[in-house]
*Asks:* 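Here it is: the structure, laid out below.
Computed from a prediction, not measured in an experiment: that's the story for all the values here. Lettering follows sequence order; numbering is per chain, from 1.
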2 protein chains.
Amino acid sequence: MMESIIPPTDHNVGKCMNAILPVRDALDVINGKWKLPIIISLTFGNKRFSEMAREIPAITDRMLSKELRDLEMNELVKRTVYDSVPVVVEYSLTPYGASLKKVIEELRMWGVEHRKRILGKA
Amino acid sequence: MMESIIPPTDHNVGKCMNAILPVRDALDVINGKWKLPIIISLTFGNKRFSEMAREIPAITDRMLSKELRDLEMNELVKRTVYDSVPVVVEYSLTPYGASLKKVIEELRMWGVEHRKRILGKA
DNA sequence: GTAAGTACTATACTAATGTATAGCTCTATA
DNA sequence: TATAGAGCTATACATTAGTATAGTACTTAC
């Protein structure tokens, strides 16, 4: 199996780009270590800043703050300030942010298998 | 809609971690700007170095070389050297690398919608 | 009045990622 | 003999991502 020594320069360069470009568009929005964890945390309900800081393992305030701003700009996350007596700020997923659910689910399933694989070796 | 002002500190912190940790395991392997594009390019067939360098928009030799090494270490990509008369080096996806297909497909579909959304605004 | 919580921002730094440019060995081709 | 691939590696550098630590303004609880 796995023979080939390269097929006669096929013309799927276009096909290949058609697959790569949308994925790069997606990656531009959800890249980095923290954006998906933040989005995942919000799929479990609306959260305040410090709740998220507690729930997301090892994130610093600075990164949480920065990434929330990014996600808000890209309209994946909504920030709502309630002018209650100590001010309460609530973060929620927009429907657009929620549309990442299937991506996240596939990634999670793959990650579970990957971890099994790695632990199997150690 | 979208009322809430935060529900009474619910106890889904554990649930949340169970979702976040596998996704982070997955991200550890496929993070960065180039790994998925490289894998995608290989889903269209085995490739030589310079073919990939041509097919993947704007990648430099250095990054291609570095990322291929990473992917090889994580056993997503296989490197085969044929001792033909000019030496030919062929890269291919391992079955493990191919197991990312569904993740990539979801990401691609999301990316297509995302691009529509962005172009709709401009 | 002190501690602790909420929601951050500021500063300073390191490490990782990515870019630009060049060079190497080898071979086939003009 | 020079040029152009193939498959890289080396050097230098810029940019981005991420970490560590501290501090602010406000408020309620002890």
*Asks:* Find the distance Leu68(A):CG to dT6(C):P and express it as a whole number of Å.
*Replies:* 16 Å

*Asks:* OP1 or OP2 of dT6(C) versus the side-chain N and O atoms of Ser50(A): is any pair under 4.0 Å?
*Replies:* yes

*Asks:* Name all residues meeting the side-chain hydrogen bond (donor to acceptor under 3.5 Å, both in side chains) criterion together with Lys101(B); count only those two or more places apart in sequence or in a different chain, and write none if there are none.
*Replies:* none

*Asks:* At under 4.0 Å between heavy atoms, how does the protein contact nucleotides 10-30 of chain C? Give one character per nucleotide, 5' to 3', with B, S or -.
*Replies:* -BB-----BBB------S---

*Asks:* Short question: side chain of Lys15(B), backbone of Phe44(A) - any donor-acceptor pair under 3.5 Å?
*Replies:*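 No: the side chain of Lys15(B) does not pair with the backbone of Phe44(A).
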
*Asks:* Could you check how far CD of Glu51(B) sits from P of dC8(D), rounded to whole Å?
*Replies:* 13 Å

*Asks:* Measure from CG on Leu27(A) to C1' on dT16(D) and round the result to the nearest Å.
*Replies:*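 Leu27(A) atom CG is separated from dT16(D) atom C1' by 16 Å.
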
*Asks:* Under 4.5 Å between side-chain heavy atoms, counting indirect links through other Ile/Leu/Val/Met/Phe/Trp/Tyr residues: same cluster for Met109(A) and Ile104(A) or not?
*Replies:* no

*Asks:* Between atom CZ in Arg69(A) and atom P in dT16(D), what is the gap in whole Å?
*Replies:*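 These atoms are roughly 16 Å apart.
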
*Asks:* Take atom CD of Glu55(A) and atom P of dT6(C), then tell me their distance rounded to the nearest Å.
*Replies:*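 Computing the Glu55(A):CD to dT6(C):P distance gives 13 Å.
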
*Asks:* From the options dT9(D), dG7(D), dC8(D), select the nucleotide whose nearest atom is closest to the side chain of Arg48(B).
*Replies:*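 Between dT9(D), dG7(D), dC8(D), the one nearest the side chain of Arg48(B) would be dG7(D).
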
*Asks:* Cluster question for you: counting only ILVMFWY and a side-chain heavy-atom cut-off of under 4.5 Å, with indirect links fine, are Val81(A) and Phe49(A) together?
*Replies:*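 Val81(A) clusters together with Phe49(A).
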
*Asks:* Check the hydrophobic clustering (I, L, V, M, F, W, Y; side-chain heavy atoms under 4.5 Å; chains of links allowed) and say if Val112(B) and Tyr96(A) are grouped together.
*Replies:* no

*Asks:* Between the side chains of Glu113(B) and Lys116(B), is the shortest nitrogen-to-carboxylate-oxygen separation below 4.0 Å, so that they form an ion pair?
*Replies:*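 Salt bridge present between Lys116(B) and Glu113(B).
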
*Asks:* Between Phe49(A) (CZ) and dT24(D) (C1'), how many Å, whole number?
*Replies:* 14 Å

*Asks:* Using a cut-off of strictly less than 4.0 Å, decide whether Tyr82(B) has a side-chain nitrogen or oxygen near OP1 or OP2 of dG7(D).
*Replies:*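 No, Tyr82(B) has no side-chain N/O under 4.0 Å of OP1/OP2 on dG7(D).
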
*Asks:* Is the phosphate of dG7(D), meaning OP1 or OP2, less than 4.0 Å from a side-chain N or O of Arg54(B)?
*Replies:* no

